[in-house]
Amino acid sequence: LFPDTYDFYVGEDPEIVVQKIYEKFERKLTQDDLERMDELGLTLDEMITLASIVQAEAPVASSMQMVSSVFHNRLNNSSIFPLLQSDPTRVYAEDVIEPNLDIANRLMCDAYNTYVGAGLPPGAINNPGRDAIDAVLYPAESDYYFFCANVQTGEIFYAKTNAEHE
């Protein structure tokens, strides 16, 4: 679902609502985007999932490319960094998925929690906007594997090693 402003009529058929949202997404995704996804070896689902994590982690658009680079570096070196360790994925698993399950499903929760499940979660944790999509398709070049944000100032600090991160 592409985050945007949509106009709907009261009592509009849900199929029409879904169709409008889907068509908006189709218009926002370009052929260049699809080609870039192929270059990066990402499926559409993987790209949107990663963009959703970047959207949740980066406080402003200007920091999204660098945050994206950290996740790309981890994904490209998964034998050393099998876990993405993204706080928003843990929160999503604990605060959104788990409380809304009729039957406990630890495997599902763990799959979304990137402190437990390796690689990308099975789906997006939010609806990423164009800035996050672009950051995933065109991440900054860096050799960072860690970052930490100051929630008071929004400043993000990057590190190459866990020792620097700590």
Side-chain angles (χ1 to χ4, degrees), residues 1-6 17-78 81-101 105-142 144-151 154-158:
L1 303 176
F2 193 84
D4 207 348
T5 300
Y6 296 89
V17 170
V18 171
Q19 185 177 8
K20 284 181 180 181
I21 294 171
Y22 179 76
E23 286 173 358
K24 174 74 78 164
F25 179 79
E26 287 290 310
R27 285 193 308 271
K28 294 289 185 174
L29 204 62
T30 68
Q31 185 60 38
D32 288 342
D33 294 336
L34 298 173
E35 290 170 9
R36 181 64 177 157
M37 285 171 20
D38 282 343
E39 290 173 17
L40 295 171
L42 294 172
T43 66
L44 178 60
D45 287 342
E46 290 168 336
M47 188 273 292
I48 293 297
T49 298
L50 183 52
S52 75
I53 297 170
V54 170
Q55 180 81 48
E57 286 280 14
V60 293
S62 61
S63 61
M64 288 182 179
Q65 284 183 303
M66 189 62 80
V67 167
S68 177
S69 78
V70 171
F71 291 125
H72 276 280
N73 289 344
R74 283 180 169 253
L75 289 167
N76 291 333
N77 293 284
S78 60
F81 299 99
L83 302 176
L84 294 181
Q85 297 179 318
S86 168
D87 289 345
T89 64
R90 180 188 47 76
V91 170
Y92 184 79
E94 293 173 358
D95 295 352
V96 177
I97 295 176
E98 195 166 8
N100 290 295
L101 293 174
N105 187 333
R106 178 57 35 212
L107 289 176
M108 181 187 297
C109 293
D110 288 350
Y112 275 91
N113 180 347
T114 59
Y115 280 90
V116 179
L120 289 169
I125 61 169
N126 60 40
N127 298 324
R130 188 70 230 191
D131 289 334
I133 290 170
D134 288 342
V136 167
L137 294 176
Y138 300 96
E141 288 191 31
S142 80
Y144 296 125
Y145 290 90
F146 302 89
F147 68 90
C148 180
N150 179 327
V151 294
E155 186 177 9
I156 300 179
F157 303 93
Y158 299 91

Item to complete: Quick one: closest heavy-atom pair of Ala124 and Thr49, and the distance?
Response: N-OG1, 3.4 Å
Worksheet entry | Pairwise distance OH(Tyr158) to SG(Cys148) - rounded to 0.5 angstrom | 11.0 Å
Practice prompt. To the nearest 0.5 angstrom, please state how far the CD1 atom of Ile48 sits from the CG atom of Leu120.
Written response: 12.0 Å
Worksheet entry | Non-hydrogen atoms of Tyr138 and Asp32 that approach each other most closely | OH-O, 4.4 Å
Discussion item. My understanding is that only one of Leu83, Asp87, Leu84 makes a side chain to side chain contact (heavy atoms under 4.5 Å, CB included) with Tyr115; could you say which?
Written reply: Asp87
Worksheet item: Where do Val136 and Ser68 come nearest, in terms of heavy atoms and distance?
Response: CA-OG, 3.4 Å
Discussion item. Give me each pair satisfying side chain to side chain donor-acceptor pair (under 3.5 Å) with a member in residues 51-61, each pair once, sequence neighbours excluded.
Written reply: Glu57-Ser86
Item to complete: Could you tell me if the ring centre of Phe81 sits under 6.0 Å from that of Phe146?
Response: yes
Worksheet item: Counting only heavy atoms not in Glu39, do more than 12 sit closer than 6.0 Å to its CD atom?
Response: yes
Discussion item. One pair to check against side chain to side chain contact (heavy atoms under 4.5 Å, CB included): Lys28 and Ile133. What are the steps and the verdict?
Written reply: CA-CA 10 Å; Lys28 294 289 185 174; Ile133 290 170; over 6 Å; no
Worksheet entry | Asp134/Arg130 salt bridge by N-O under 4.0 Å criterion | yes
Item to complete: Salt-bridge test for Glu23 and Lys20: reply yes if a basic N is under 4.0 Å from a carboxylate O, no otherwise.
Response: no
Discussion item. If I compare all heavy atoms of Leu137 with all of Met47, which pair ends up nearest, and what's the gap?
Written reply: CD2-CG, 3.8 Å
Item to complete: Please name the pair of heavy atoms, one in Asp131 and one in Ala61, separated by the smallest distance, quoted to 0.1 Å.
Response: OD2-CB, 3.3 Å
Discussion item. I'd like to check Val54 versus Pro128 (side-chain heavy atoms, cut-off strictly below 4.5 Å). Are they in contact?
Written reply: no
Worksheet item: Looking only at heavy atoms, what is the nearest atom pair of Asp95 and Pro99, with distance?
Response: O-CG, 3.4 Å
Discussion item. Does any part of the side chain of Met108, heavy atoms only, come nearer than 4.5 Å to the side chain of Glu98, both counted from C-beta?
Written reply: no
Item to complete: Carefully, step by step, assess Tyr92 and Thr114 under the rule side chain to side chain contact (heavy atoms under 4.5 Å, CB included).
Response: CA-CA 10 Å; Tyr92 184 79; Thr114 59; over 6 Å; no
Worksheet item: Measuring from Leu75:CG to Leu40:CG, what's the distance to the nearest 0.5 Å?
Response: 11.0 Å
Practice prompt. Ignoring hydrogens and angles, tell me if any N or O in the side chain of Asn113 forms a donor-acceptor pair with the backbone of Cys109 under 3.5 Å.
Written response: no
Worksheet item: Hey, what do you get for CG (Asn77) to CZ (Arg74), rounding to the nearest 0.5 Å?
Response: 10.0 Å
Worksheet item: Any side-chain heavy atom of Leu29 within less than 4.5 Å of one from Leu44?
Response: yes
Item to complete: Can you measure from CD1 (Ile21) to CG (Asp4) and round to the nearest 0.5 angstrom?
Response: 10.0 Å
Worksheet item: Are the aromatic rings of Phe71 and Tyr144 close, with centres under 6.0 Å apart?
Response: no
Worksheet entry | Trace of the side chain to side chain contact (heavy atoms under 4.5 Å, CB included) decision for His72 with Leu50 | CA-CA 9 Å; His72 276 280; Leu50 183 52; 3.9 Å; yes
Practice prompt. Please confirm whether the backbone N or O of Val91 pairs with a side-chain atom of Glu94, one donor and one acceptor, at under 3.5 Å?
Written response: no
Practice prompt. List the steps, then state whether side chain to side chain contact (heavy atoms under 4.5 Å, CB included) holds for Thr89 with Tyr112.
Written response: CA-CA 6 Å; Thr89 64; Tyr112 275 91; 5.7 Å; no
Practice prompt. Using modelled atom types only, decide if a donor and an acceptor are shared between the side chain of Asn100 and the backbone of Val96 within a distance under 3.5 Å.
Written response: yes
